[in-house]
Structures are given as C-alpha cells and as structure tokens.
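Lettering of chains follows the sequences in order, A, B, ..., and the numbering in each one begins at 1. Atom set for the values below is all heavy atoms of this structure, side chains included, hydrogens, waters and symmetry mates excluded.
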Amino acid sequence: MSKRVAVLDGVKIGLEIHCQLTALKTKLFCSCSSDYRDKEPNELVCPTCFGIPGTLPLLNERAVEYALRIAIALGCEVPQRTSFYRKNYFYPDLPKNFQISQYDKAGGVAIASAGSVRLEEKRVRVRRLQLEEDPGKLTYEGTIDKSPYSLVDYNRAGIALVEIVTEPDFESAREAKTFLEKLRAIVEGLGVSDGELEGAMRCDANVSVKGGARVEIKNISSFKEVEKALNYEILRQSTFSGTEGGAEAETRHWDERRSITISLRTKEGEQDYRYFPEPDLPTLELSPEFLRRVREEMPEVSEVKAERYQGEFGLTPQMAKEVARDAKVADFFEEVVSKGAKASDAANWITGEFREEVRTAAASGDGRLKAGDLVELLKMLESKEATRGQAKEIFRGMMTTGKGLAELGKSTRTGVVLDESSITGLVEQVLRESDAVEKAKSDPKAFNYLVGQVLRLEPKADAKLVAKTLARKIKR
Amino acid sequence: MAEISPSVAELVRRVASQEVSCEEKTIHRLARIPRIDRDIHAFLHLATDRATKKAREIDRRAKKGERLGRLAGVAIAVKDNICVSAMPATCGSKILEGFVPPYDATVIQRIEAEDGIVLGKTNMDEFAMGNTTQASAFGPTKNPWNLERVPGGSSGGSAAAVSAGMSTLALGTDTGGSVRCPASFCSVLGLKPTYGTVSRYGVIPYANSLEQVGQFARRVSDLALLYDVVSGHDPRDSTSVTSPKARKSSGGFKGKRVGIVTEFFGEGTKDGVRRKVLDASEKFREMGAKVEETHVESMEYALAAYYVIAMAEASSNLSRYDGVRYGASTEKGTADWNAAFAKTRTECFGPEVKRRILLGSYVLSAGYYEAYYLKAQSARGLLRRAFEKAFKSYDILLGPTMPVLPPRIGEKVTPLEDYMIDINTVPANLVGLPALSIPAGFVEGLPVGMQLMAPHFGEHLLFEAAQSYEDAVGVPGAKE
Amino acid sequence: MPPRTKKAERQSPTMSLESVRRLAGLSRLNLTASEEERLLSEFSSILEYFKVLDRSAGPAEDGPTVTPANLRRDEVGPSDGDGVMKGVPRRKGRLVRAPRVF
C-alpha cells in the first residue's frame, strides 16, 4: 500500500479541453446555423463547411469575442495580433483534410496564453487557448471494427471550438474533474457555451506516472468519464513502475463501454501536422479598444468573482463563493465594501442568517437594500451604539419594510415593542381595507406591501412580529 | 491574319442598338468554335445552352430598350479552375471529373451582372501547375501560332481561345505567371492584377497567397474594362481589398520613368527575345518616356521562394481530394480509408501535381519548415522591399515576360529546367504587384511578350503604358 | 546582396529515399520503387537549387491584417445540404459514405 501511495505521488495530468461555443448562431467560418443537434444528417452544410473547392473561410466575429471572454476569465495574456494556421492531417470526418486552427510555435500566435485557475489551494496553469473548427461526425453500421464503411455527417463540421490546454498541474483524477466542473461553470457563466449539450465539452488528457513517459488519452466524451478514464490510466501506468523505463509514450483511446483505455498503436512523432499560416485569413489585430469592449460586455462569472474576492478582500473560499453566487448580492456586497465597510463583516451579514432576505431584496431591485445604511449599521455595532440583536432587527426591518436606518434605528433604539394583541388589531384592519390579500399569499412583494401598510399605521410596531402575525392571518 | 475585330465597347453598342442579334452571333460563334478548336483544344466544355439563353435574354432586353451591361453579349472564356454553377470544373485533373460546383465564383457573378456571356471552360495545366498546358489530364492545348508549340500555361486554353478568335475575352488565374506566360506565347494581352483586387471566391486554389484571377484580351481598352468589371472588394474573400481610387490618367506616356530591369535578362534569356523586348522598349523612349536600365535587388531568391511557398500551400490545398465528398473515387471495394484515399489520389493526380504535393509536404514538415518555408517567407520580404525601392525611381519596370520562345509540345526537360522559365513572372506574385504581358512582336514566327510591372494598385499605369504602345504599333491580330 | 550570417550559412538538409516514402505516406500517395528513385533524384536537384534561400536572412513578411470590425457577423445564412450532397460519389440516405476507419 505504501508503495501505491508513493507511485500516486508522482502523477502528473494535463488536460486539453475542446469547448464548443454553443452560444454562437453560426459556425466558425461560414453562415450555416450552428444549431446542429437533432437535425437531419448533412442538412446544415454549405460549400464552405463541406470543403467544396474554391470556397473561403470567413471568420465569425462573435467567436473571437467569446474566445476572448474565456481568455479574460482565465486571466490569460491576450496578444495584439493572432493568426490562424492549418493543421494538416487526413481523416474522413475532416472536410478539407486540414483543420483551420491556431499554433503557438514557429511564428504563430494563439488567441490567448498563460492563464490560471485557482483550484482550492493551488493554481492550475492554462498554457494556451485556441480557436478552431470542429470536424464532422463519423458513424458506423454495426460496430466500428466490423463495419465495411463509415458514414459521415458534416453538420458538426465547422462548429467553433475553443481548445484550452493546461499545464500538467493536476495530481489526481479528482483534481482534474474538479477543474473541469469549474471550467464548465465559468464558460456557462460567461454565456458562451452550454456544457449540458451533448458533445459541447470534450476532453483529452495526458497522464504520466513517476518514471514513465507521457501517455495521451483521446476520446473522453464527457466530464463524467474523465475521472474514470484517468483513474484507470493511473492504475495501468503505475503497474509499470519499477519495471524498466515505466509506461511507453503513446496515444490511447478511452473505450467508454468497457471502461478501459486501448492503445491506438501510434508512436509519438509519427504525426507531422505540417502547420503553416492559413493564407485565406489575414492576421487578426486585437486592439486595446476591442478588448475593452469585450471586457465591458462580458458578464463576470461567479467563479471568477469569487477568486477575486479571495484575493482582493481576503474572504475565505467558502464565503467568497457564497457572496459571489448571486450577481445582485455580489453587487450589493461590493457597494457596501466600497462605502467603507470591512469586507469580512459585510460578507458575514450578507451571507449569514439573512441570506434569503438579502437575496430577495436584492432581486426586487426597488432600493430597499441601502448599502449606506448597512455601512452605518455596522459602524453602530462596532461603536456599541447598537446591540447585535438590535442591529439584526434593524437590518431585517430595512429589508422587509424598505424603511431607512434613521427611522428604524429610532424605533428600535427606543425599544418600543407593541404587544401582540395590538399588532393583531392593526393587521386585521389592514386586511379588511386592502385588496392585495389574495396576492400576498403567494407573492412576497405583495406580502411585504401589507407589512408596510401595518407599519404605516404604527411606525413603532416590530416588523418581524407584524410579518409573523400577518402570515398566520392570511394563511387561515 | 483575320480582320481586326471591333472593341468590346463597339460590340456592346451594336447589341444594344439591335444592329446585330446577340443570339445569332452567339450561336454562330458556338458553331464555329469546334471547327477551330479541333486543332487547338482550348476548351474543355462549351456552355452552349447557358450562353444561348443568356444571349436571347440580352436581345429581349435590348428590344425593350432596357439598359444593358458593359459586357452585353461579349463572349468570355473561363479557365476551368473558376467555379461556374452547373458547369464542370475539372482543373484539368481526373480527380475532379464529375464535379459540378454548386455556386458561382464572384468574378462570374460580376461578369454576368454586366451581361457578359460565359462561353465555356478552358484547358489548363492540372491544378494550374505548369507553364505549357501539357499537364492537363485531358490532353494539351496547342499554340494557335504554331500547332507544334505549347500555348504556355497554365491558362493556356484561355490565352489560345482569345488568340485564335474563339473568344473575345477570357479569364485565367496567375499564381506564378499562369496568365502572363500564355499571353506572351499566344501574342495577346494578359494581366495579373494586384493581390487582393480581384476576389478569389470560387477560384479553386493552387497557392492562395500568390494567385489572382487575371484577364486576357487583344485590346488594352477591353482588358481594362474586364478588369474593372471583375475587380473590387468582395466580403466573401478575407484577402480582398478595396483598391484606392486610381489616379486620373495623365494621358500619354510622356515623362514617365521606365526601368529596364537587368535581372529580367538573365543567362537563360534567348537572344531573339532579348532583342525583341529591347526594341519594343524603344517605343516608350520614342513616346517621350525616360527609359533606362536598372537593377532590382534580391531577385536571385524569387524563383526558389516562389516554388517553396507555392508547393507548401498546394500540398495542403490538394489534401481535400480524397474521393469522399466530390469528384472521382477509384476505390470501389472496402479498402480502409488510408488505402482508399491513397488509391484515388495515386490514380487521379498527374505526375507534376504529385511532385509538388510531396515537395510541399517536405518543406512544411517538422525540421524543414524553418529551413525552407520560413526562409522563403523572409526572401519574400526582401523582394518586397527591393521592389518598393525600385518603384521610388520608376513608374514601370520592364523585361521579357518569358525568357524563351514557346517550347515544342513534348519537349523533354527536367522539372527544374521547366520551373526556371518562370523566373521573370514569379516576383510579381511574391510581392503582390500588378504585371501585364503585352505582345512585343515575333521571333522565328513565334510570339514574344514584354512584361510591364507597376507598384501595388498601379493597374492604371500599366493600361496607360500599354495603350500608348498599342496606339503606336496597332492592335495585335488574331491567329485564325 | 544581404549579409551572410553564420546561421544562414547552415546547409539545408538533403533528402533520402526514406523521406520520399515518408512524404508519400503523409500525402496519401502510393509510389512505385522506380517513381521513388526518380523523385528522389528530381527532388535532390530542386532542393539543391532551393539552397539559394540560405542567404535570404531577413525578417519574415508581415502579412495583411484585419480588425474584428471587418469580420463576418454572427448571422445565420442559408445552408445548401441538398446542393452539396448532389455531387457526393457514394452516399447512404443523407449520410456520406466513406471508407472504413478500422
């Protein structure tokens, strides 16, 4: 057992993720619709994506924008100029027998490089991002090895992909899987890809175990399979450890049905892709103005935001995630902090027992949530002008009544708490006079409105008590 | 020599005024072509129905007094690597037998929008790789001036069609001289425009970064008109540019600076050709131009750089021909994909195409990319700067289009010897410059062409020079 | 003439029969033994000629550039499945029939 652990210590995994930009309306280089799922075979093809001679690629502007969103979210460096390269290899699913892709060697510049993603306590380095086209899809009659021919559907050919390549920074299959889940949340949050769609996110991996060579694993069709495939491969390779030279460098194929990797019998270096600049596409200039526009228009993904809160405000990962989860709550948090509150205090109040109220109030967008008031309240707490209990009452009051701190603070501090029977009287009066009673049963806004009506009759009434009484009454 | 045919403008006037019936003229032409072409073999496909239908429509519109396009009723032959919907496009290769493009090239759309009549598709060296049109899978085209000689290539069919009077105008493509070489050998005008001025959409590529659609004509005004019709920015071609407004013609050629480039008269230049071109250049002096000898640096790299880049791009462009999606497929059994692809490609590509695919693969492969491809690209840079420098002192640079006279059909040469005769035409493609071959007379009864080069977007300078020359020596006749 | 640099003087590699075969494989072309021999000799003299480029040291060409504003908008246009499928040599229903991959 101790030997096994030692071997597992030397595990290095790198990932190569292919993420379709499913939010695009068209393919990467032609105007065919990208909505290819559940379509008749070869319905969404045109001379360009079918590789008919004489056609020319026309780069989709949105694809550039979306790839840059991912680049920015992953903290990548974006070059001033990027270019497309042809990757030459034959395969029946490849309409031109070359793929228009990018290259980061021999003068090529990919659309982004050198990013990173925080994974709990470590940072996973992202080597580069590339924009490229998806090949078509092969099917077989019967089984792949028995079928006398293959059948090709080119609907998928030309779909925009962003290839994300990490450094070999993962030390376990679990880490790799956690990263992929996080990456998926990021691209979904950015509004560029829907990982739910079949085949929208695919992954190749390279795995090495101490003492052995790097082994590529292809054809991992979903993230669910990644952990299984990697664990299998780590186990397989670790059985070589101690033997001469360890595992051999090769490419293997993940067989989902049998849950094993099988050798494709291709030696390293056998492939020679003969990359060279795509002569039909000029070098793309990414001006600072364009990047600024992309940055301004992109939503900040909660995962990325949470990382920022950890770095910028020193929040714990758990708390940062909690605050960042809802964009409006996060905005409120940032406003509170910018007005002078201590970030950890603000985060505690926002994500503590009032989490739901804050979320509801933030979502209502009716100005009930006043950042300045929370800042003041926190100061009152610190200067012992209010007790914790009082502060809580006030905060709750702010959110349920929409009243400001000045008013609520006064009533709270004077300590006037009306007895339940007089509140019941006021509640009944409002229920008699208002026509929003039915609505209040299901609509929290209407409910809060009724609470407000009671408080209008008696400003010193305890809002919490009013709400409780009202709830009891209308449910009857 | 036949009577000199009227200009395109005059032809269009006659059709528009209904002096002649476009349909009759077209039918007559289509009937005459096979008789002439039996000897020459310029056409691979005659678009009889499409041409007649278009002619009829033009007559109908002329009758109604509708405004007709600038090419109304004018016959235009199209090289077989330019896509015209519902017509074959073989590129002179067996591998594209049966292929019918489902779309029109931009140049074809523009010609038809001006009521030009696409007559048919013309013969060419397979995938435009050659300078003789002997490398066509469908047999060679012959030089109308001497049926034992090649017409030049790769657009030999188009040049021969114009030269023999079968077509008024023609389109070719010029990757390393493929319009200018046959223009020179067939005694017609042939223009290779500035890179990016004519859309490549619908042009089946040989080497994308080098090639442009070029035009053939016998009169300078006709050539300029055809260029004007087909050029202009096309959003379907990312390398297409909006050319700056041409400067107003100064009229005449007086005071223009013409440089006779010494490097264009290299050791392979035939004496007769040298003399003929120098004689022709004298005409410019007589017209009041300042003519002098000059040098262009870095020219020694041009041919090697051209072949490295062209072969590299070609090797990749020609990968798509595997028999799966279109064209010929010779594997009828159940061979695996590698064997099936190889069988079709081996049986359907000719020897020159294979040579360039293999060598193109070589210069791109790991370890050799830097040694060949990148060096060729830096040579291209050197050459660009050399021409920029030369055009600071000259409006026009001049030399023989081809260093030799049209070779005999079937003459045995090594591939390298064959490549060497492109030495004067390839620099324009590497640098993207416009260049024009104009007839400069005959040596031993065979045509000699003079190449004029201008700075980027300097087509107007070329037309101006050629027009002055034409005014002085007359319109070259057709060989019929 | 550009200055000769040490790097530029390095000889271009030469070709072998083995590389002709490797290229044929990469290009999916079958060659007979005599074709291999003939091509090797042709390639050798062509590559010998290409050595002139060893002296062409200089900065690589800066190609044309484009800005995102000039790219294609993400707007759906017509596809032409029927049009392109018409020319497919062998098909099975709406699928393109290709050789087997195993």
Evaluate the side-chain proximity of [Y] to [X]: yes if any heavy-atom separation is below 4.5 Å, no if none is.
{"X": "C:Val76", "Y": "A:Ser31", "result": "no"}
{"X": "A:Glu61", "Y": "C:Asp74", "result": "no"}
{"X": "A:Tyr140", "Y": "C:Val101", "result": "yes"}
{"X": "A:Asn42", "Y": "C:Val96", "result": "yes"}
{"X": "A:Pro282", "Y": "C:Thr65", "result": "no"}

| query | Can you check salt bridge (Lys or Arg N to Asp or Glu O under 4.0 Å) on A:Asp272 and C:Arg22, steps first, answer last? | reply | CA-CA 10 Å; A:Asp272 185 344; C:Arg22 195 182 62 90; 3.3 Å; yes
Heavy-atom pairs under 4.5 Å with chain C - which of [options] has more of them than the others?
{"options": "A:Gly107, A:Ser150, A:Pro92", "result": "A:Ser150"}
{"options": "A:Asn88, A:Leu281, A:Asn60, A:Leu58", "result": "A:Asn60"}
{"options": "A:Ser83, A:Cys46, A:Gly136", "result": "A:Cys46"}
{"options": "A:Arg62, A:Arg274, A:Glu40", "result": "A:Arg274"}

Given a strict heavy-atom distance threshold of 4.5 Å, which part of [X] is in contact with chain C: side chain, backbone, both, or neither?
{"X": "A:Leu68", "answer": "neither"}
{"X": "A:Pro47", "answer": "both"}
{"X": "A:Leu44", "answer": "both"}
{"X": "A:Leu138", "answer": "side chain"}
{"X": "A:Ser33", "answer": "both"}
{"X": "A:Cys30", "answer": "backbone"}

If we define contacts as heavy-atom pairs under 4.5 Å, which of [options] has the most with chain A?
{"options": "C:Val66, C:Asn70, C:Asp82", "value": "C:Val66"}
{"options": "C:Gly81, C:Ser79, C:Gly83", "value": "C:Ser79"}
{"options": "C:Asp80, C:Val84, C:Val88", "value": "C:Val84"}

| field | Between A:Glu285 and C:Thr67, a side-chain donor and acceptor under 3.5 Å | value |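 Side chains of A:Glu285 and C:Thr67: no pair found under 3.5 Å.
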| task | Would you tell me whether A:Thr26 and C:Arg72 have side-chain atoms, one donor and one acceptor, within less than 3.5 Å of each other? | result |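 On atom types as modelled, these side chains qualify, holding a pair under 3.5 Å.
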| said: Can you tell me how far apart CZ (C:Arg73) and NZ (A:Lys25) are? Round to the nearest 0.5 Å. | reply: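 Spacing of CZ (C:Arg73) from NZ (A:Lys25) equals 11.5 Å.
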| task | Working to the nearest 0.5 Å, report the span between CZ of C:Arg28 and OH of A:Tyr89. | result | 11.5 Å
| said: Could you check whether atom CD of A:Glu297 has more than 12 heavy atoms from other residues, nucleotides or ligands sitting under 6.0 Å from it? | reply: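 Yes - once you tally the heavy atoms of other residues, nucleotides and ligands closer than 6.0 Å, there are more than 12.
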| query | With a cut-off of 6.0 Å (strictly less than), are more than 12 heavy atoms of other residues, nucleotides or ligands near CZ of C:Arg21? | reply | yes
| What closest approach, in Å, do A:Leu59 and C:Leu71 show between heavy atoms, and which atom pair accounts for it? |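 Closest heavy-atom pair between A:Leu59 and C:Leu71: O-CB, 3.5 Å.
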| message | Ignoring hydrogens, what is the shortest heavy-atom contact between C:Pro68 and A:Leu286? Give both atom names and the distance. | response |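 Minimum heavy-atom separation between C:Pro68 and A:Leu286: CG-CD2, 4.4 Å.
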| Under 6.0 Å from the six-membered ring centre of A:Tyr149 and within 45° of its axis: does the NZ or CZ of C:Arg100 meet both? |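 Relative to the ring axis of A:Tyr149, which defines the angle, C:Arg100 lies outside at least one limit.
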| request: Inspect the contact between A:Glu43 and C:Arg94 and indicate whether a charged nitrogen and a carboxylate oxygen are less than 4.0 angstrom apart. | output: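 Between A:Glu43 and C:Arg94 there is no salt bridge, as every charged N stays at least 4.0 Å from the carboxylate O atoms.
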